[in-house]
Amino acid sequence: MRIIHRKIELRALEGPGWKMLYGRRKTGKTFLVQNFIDYDEFFFVGRDGVVYDRANGETMTSAEFMNVFPRLLKDGKVVVDEFHRLPSSFLDLLHAYSGSGELILITSTLWLARRVLLGKGSPLLGIVTPLKVGLIDEREALVELSKELKGRELVEASTYLREPLLVQPYKPPLRGFLTDYLFSAGPMIRELIGEAFTEEEKELTAVYEAVMKGIASGKRTSTELSSLLYSRGLIEKDNPGVLQRYLSILTDMGVLRKVPVVGKRRKKFSYRHLSPLLDLHFYIEEKYAYTELETPMEFIERAVNEKVPKAVEGFVEALLSKVYGLRPVRIERPELELDIALQGFKRLELVGEVKWKNRVKGEEVKKIEDKLEKFDCRRVLVVPSEEVLEKTPRRVEILTAEDLLELAGESLKKIEGE
């Protein structure tokens, strides 16, 4: 059984007190607690409010559970999964017994997590310690998967296996696995997004889907997305401000991430899919409507080969931002668009390009040199291995798959030593 140990989240769960795990569905919250945390009682709340005792398989009503809960809390560590499905009076019950025993709450509803943690007058404000569980950390994916993979396959697999639901079924090579997976499981991915909207008490409308498809196809700003949706008759006016609500909700739900654009006086953001799997899914859906129309596997394979190198770019940028404690940004000027741009407190600290291919020609290396030399900071070129380069770049640091693994390992050791 392949397991990627999530030591970063586990460290945050250590120690006494009440904890609340929250995040998008299928990010491994329940698996993390079930397999790596010691507990005495584990309860799961169904959509109908029925409470399941995971230890003995018995069920009880929410009222019955709330009656026995205070006693259970005094006797040991209790886990309540999808606790948001219990009546609102459960929050008052928690407030009444705060400080008693140890408790782990798990929820997939980010709106409730925010209300519980930050809402004015919340009964749990300051009582529970929050822990957001998203995709697997890039560093942990690399280090754990290096036990069975190396080189190009290691980086590509680490990019996509940050999505926990892919960890177990994955079989190398990654690109072939993704092609087969999407060909057979594409509709399931759409249901994953639909479930997330249901939990957030929102409706997955055509506007939301068009936004996610547009971003997967390269429309990254509200201006570009507004023009796209207006042309399709999904919004009444070509007005970027109309889309801000949709983009904010998708960002809050953990579907999108926004990156500041530098070089503009007014605030502007570029949007990306957090999950490379969802990015790939919506890209293929935009091109072929593959979950509704019969689509040859060759079409999906072509899309996979187009998107994997772009996904690796995002993976490397996120990895280096965590290794060096820098913030990803986007450069406003199109002629200076970079695969990697990381900013410190006030200035760019690291810029770079990613050439994830079998051969990088000499003229390509020259163009990279010329572009990166315009920036007075650390400059890097990321490639699968140095053998793919026809020419060694000047004044540009080369990072290979092996270098990325080494950086990830060193960063994790620092965290463990803190």
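Keep in mind that this is a model prediction, so the values were computed, not measured.
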S.K.: State whether a side-chain donor-acceptor pair under 3.5 Å links Arg190 with Thr291.
M.R.: no

S.K.: Between Arg379 and Glu373, does at least one N-O distance fall below 4.0 Å, as a salt bridge requires?
M.R.: no

S.K.: State, to 0.1 Å, how close Val383 and Val360 come at their nearest heavy-atom pair, and which atoms those are.
M.R.: CG1-CG2, 4.4 Å

S.K.: One thing to verify: whether Glu369 and Lys391 come together as a salt bridge, which I'm taking to mean a side-chain N less than 4.0 angstrom from a carboxylate O.
M.R.: yes

S.K.: Specify the closest pair of heavy atoms between Val365 and Thr392, including all atoms of both residues, with the distance to one decimal.
M.R.: CG1-C, 4.4 Å

S.K.: For Lys77, is there an ion pair with Asp38 - N to carboxylate O distance below 4.0 angstrom?
M.R.: no

S.K.: Look at atom NZ of Lys219 and say whether more than 12 heavy atoms of other residues, nucleotides or ligands are closer to it than 6.0 Å.
M.R.: no

S.K.: Would Glu285 and Lys287 pass as an ion pair if we require N to O under 4.0 Å?
M.R.: no

S.K.: Salt bridge or not between Lys7 and Glu144? Use side-chain N to carboxylate O under 4.0 Å.
M.R.: no

S.K.: In terms of the angle between their ring planes, are Phe31 and Phe36 parallel, tilted or perpendicular, with boundaries placed at 30° and 60°?
M.R.: perpendicular

S.K.: Taking NZ, NE, NH1 and NH2 as the nitrogens, is one of them in Lys310 or Glu313 under 4.0 Å from a carboxylate oxygen of the other?
M.R.: yes

S.K.: Are Thr400 and Asp403 close enough that a side-chain donor and a side-chain acceptor fall under 3.5 Å?
M.R.: yes

S.K.: Could you tell me whether Lys367 and Glu353 have a side-chain N and a carboxylate O separated by less than 4.0 Å?
M.R.: no

S.K.: Any carboxylate oxygen within less than 4.0 angstrom of a Lys/Arg side-chain nitrogen, looking at Glu286 and Arg232?
M.R.: yes

S.K.: Step by step, work out the side chain to side chain contact (heavy atoms under 4.5 Å, CB included) result for Tyr160 and Leu280.
M.R.: CA-CA 10 Å; Tyr160 283 88; Leu280 180 56; 4.2 Å; yes

S.K.: Going by the angle between their ring planes, with limits at 30° and 60°, are Phe90 and Phe83 parallel, tilted or perpendicular?
M.R.: tilted

S.K.: Hey, is Arg2 close enough to Glu148 for a salt bridge, meaning N to O under 4.0 Å?
M.R.: yes

S.K.: Under 4.0 Å between a Lys/Arg side-chain N and an Asp/Glu carboxylate O for Arg24 and Glu163?
M.R.: yes

S.K.: Is the Phe299 ring parallel, tilted or perpendicular to the Tyr288 ring (thresholds 30°, 60°)?
M.R.: tilted

